[in-house]
Amino acid sequence: MKLYDTLQGEIVEFVPRNDGEVSLYACGPTVYSHPHLGHARQAMTYDIVRRYFEWSGYRVHHVANVTDIDDNIINRALAEDTTEPEIAKYWEAVYIEAMDSLNILPPHDRPHATEFVEEMVDFIEVLMNNGSAYATDSGVYLRVRSVEGYGDLVHRTPDEIAEHGLNRVEVDETKEDPLDFALWKAAKPGEPTWDSPWGPGRPGWHIECVAMSLGILGDGFDIHGGGNDLVFPHHTNERAEAIAANRTFSKYWIHNAMLNIGGEKMSKSLNNFNTIADVLAEDPANARALRLIMLQTHYRKDIEINDAVMAQARDGIKRLDAMVRKATGVGIDLSSTERDAEAIDRFRSAMDHDFGTPDAMATVFELVRDANGAIDAGKSAATPLALTAIELANVFGLEVGVADVASEGDSDIEAMVAARVDAKANKDFAEADRIRDELREMGITVEDTATGPIWHRS
RNA sequence: GCGUCGGUGCCCGAGCGGCCCAAGGGAACGGCCUGCAAAGCCGUACAGUCGCGGGUUCAAAUCCCGCCCGGCGCUCCA
């Protein structure tokens with residue numbers, strides 16, 4: 001297994017901390033607004049990584065946090081005249097519902113920042129005691145220049161960062177160095193606060209993820225992931241905190257690319273985002289189509305989403321479903337354990353090279369084509385081909401063959417399909433076509449096969 | 001400006017120095033199948049400059065250098 005490690009800047013061999021186990025921490029959302037397709041990409045990327053590891057026999061410990069206290073939440077609570085916990089609770093529920101609707105597996109742990117404040121305070125105390133941090137009236141800060149290798153993750157030196165990156169934000173005059181960042185923010189009026197040795201306040205953004213990842217997964221956990229927009233400052237600063245505290249942080253860093261719309265990153269500030277709920281409301285089939293789009297593009301490459309791309313992907317999914325219908329129609333035993341070992345090898349080697357999902361999906365579609373051919377030709381090879389295609393597609397959570405294949409018990413439809421068979425037998429094609437049209441208006445598609453008609457909801 | 005990832009057919013998009021006259025998906029065209037369809041299979045046209053220009057190599061879409069174009073990041077914020 002090889003993967004691209006952001007820190008080393010190249011594809012490297014993946015050697016887990018413990019044999020047969022993978023510990024994965026992926027930064028989750030700040031819950032204060034609608035989850036959009038950018039969140040979907042991030043979550044789906046690690047969902048696919050996790051599913052693949054599990055299918056490969058690893059025991060995976062997947063942690064994804066929820067940031068439930070930050071400026072955005074505070075502002076929203078203020079604007080809506082409610083409390084921060086109410087805002088966070090509401091939007092977390094929305095987020096989880098969206099994830100469920102995209103068939104994204106819940107992480108094994110979903111820690112909340114507000115539940116880890118004590119650990120964060122302890123962590124900051126370590127940094128204070130060893131001289132890496134200092135307190136001012138406005139908060140507690142990390143002495144960035146004292147950290148060995150600060151900026152390695154973004155492949156820049158502190159001087160380069162200072163030279164090019166400090167013109168955007170007003171610099172707090174109490175800081176020793178403009179590069180230093182907040183570990184703890186002193187309380188401001190009206191904000192929720194927690195007690196600390198440095199007075200009431202709330203934790204800085206980066207300390208949350210350090211406390212939660214190390215707290216749950218332990219030192220030297222395997223993979224830290226997130227969107228590539230987090231490489232700096234968030235992940236760079238997380239890493240700096242861990243180093244300053246003499247803790248061993250993640251062994252590998254992986255970052256997914258952005259999802260763009262109209263040539264730009266989808267984001268709330270640009271107001272060009274599509275919420276997951278809206279996209280699914282347009283067409284429920286978009287859930288699986290979205291997953292196929294993610295799979296057919298490498299996770300480190302930007303995706304440009306538009307209606308045409310969505311439509312293409314929906315058609316791709318239909319091709320997978322159609323094969324299963326066909327296989328079911330000719331009586332292939334879906335519980336068979338026959339597999340095409342050679343295809344599985346190709347699938348594995350694609351995935352083992354930095355999660356080469358596009359190549360892996362190509363193997364799945366080749367299996368689909370060969371399975372269709374074998375079914376048409378009445379060959380017994382159809383069984384392993386079809387079942388391997390289904391298994392591999394479902395490793396990725398595509399739920400092939402799960403959706404609408406077994407729409408049992410619809411006796412009215414069965415009766416109409418049977419009536420059409422009779423009409424055809426009597427050469428009454430006008431009647432047969434009328435029934436087919438009527439079914440189509442009901443959202444039912446009938447397909448004739450060598451062994452009789454099959455139907456499905458379109 | 002600096003860092004980083006990228007620029008491949010009509011569209012999306014793989015390609016990890018020779019198996020690439022370039023995978024897979026979508027759309028198109030022709031054939032087979034069908035009462036007609038749908039689904040499927042077979043075949044065809046699309047990439048003949050793999051952004052542009054140099055270079056390394058017996059061999060480059062793949063490595064190196066320069067340039068052009070685009071995404072993301074560049075501080076207490078997803």
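Lettering follows sequence order; numbering is per chain, from 1.
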A78(B) and G40(B), which share atom name C1', separated by this distance in whole Å: 46 Å
Sugar-phosphate, base or nothing in reach of Val446(A), heavy atoms under 4.0 Å: base
Sugar-phosphate only, base, or nothing, as touched by Asp71(A) at under 4.0 Å among non-hydrogen atoms: sugar-phosphate
Sugar-phosphate only, base, or nothing, as touched by Ala182(A) at under 4.0 Å among non-hydrogen atoms: base
Spacing of Glu160(A) atom CD relative to G1(B) atom P, expressed in whole Å: 15 Å
Ring pair (Phe, Tyr, Trp, His ring centres under 6.0 Å) partners of residues 365-397 of chain A, not counting sequence neighbours, each pair once: Phe347(A)-Phe396(A)
Residue Trp205(A), side-chain heavy atoms: nucleotide from A23(B), U4(B), C77(B) that is nearest: C77(B)
Base of G24(B) paired with side chain of Asp359(A) (donor-acceptor, under 3.5 Å): no
Sugar-phosphate only, base, or nothing, as touched by Val154(A) at under 4.0 Å among non-hydrogen atoms: sugar-phosphate
Separation of G25(B) P from Ile317(A) CD1 (nearest whole Å): 13 Å
Touch class at under 4.0 angstrom, heavy-atom based, for Gly316(A) against every strand present: sugar-phosphate
Arg202(A) and Asp71(A) ion-paired at < 4.0 Å: yes
Donor/acceptor link under 3.5 angstrom from Gln312(A) side chain onto base of G25(B): yes
Rounded interatomic separation in angstrom, taking NE2 from His456(A) and P from A38(B): 13 Å
Phosphate contact (C16(B) OP1 or OP2) by Tyr4(A) side-chain N/O below 4.0 Å: no
Presence of donor-acceptor pair under 3.5 Å, side chain of Arg300(A) and base of C5(B): no
Sugar-phosphate, base or nothing in reach of Arg436(A), heavy atoms under 4.0 Å: base
Distance, rounded to the nearest Å, where Asn372(A) contributes CG and A39(B) contributes P: 12 Å
Spacing of Ile207(A) atom CD1 relative to A78(B) atom C1', expressed in whole Å: 18 Å
Between G7(B) (C1') and Asn260(A) (CG): distance, integer Å: 14 Å
Scan the side chains in residues 370-385 of chain A for donor-acceptor partners under 3.5 Å anywhere in the protein, sequence neighbours excluded, and list what turns up.
unit_1: Asn372(A); atom_1: ND2; unit_2: Val368(A); atom_2: O; d: 3.2
unit_1: Asp376(A); atom_1: OD1; unit_2: Lys326(A); atom_2: NZ; d: 2.9

Nearest-Å distance for atom pair CG/P, residues Asp437(A) and A37(B): 14 Å
Residues Tyr46(A) and Asn256(A): side-chain donor-acceptor under 3.5 angstrom: yes
Dot-bracket encoding per residue of RNA chain B, Watson-Crick/G-U cut-off under 3.5 Å, | denoting interstrand: (((((((..(((.....[.....))).(((((.......)))))......(((((..]....))))))))))))....
Arg420(A) (side chain) donor-acceptor with Ile435(A) (main chain) under 3.5 angstrom: no
Options C41(B), C36(B), U4(B), nucleotide nearest the side-chain atoms of Asp376(A): C41(B)
Verify stack between Phe365(A) ring and G24(B) base, 5.5 Å, 30 degrees: no
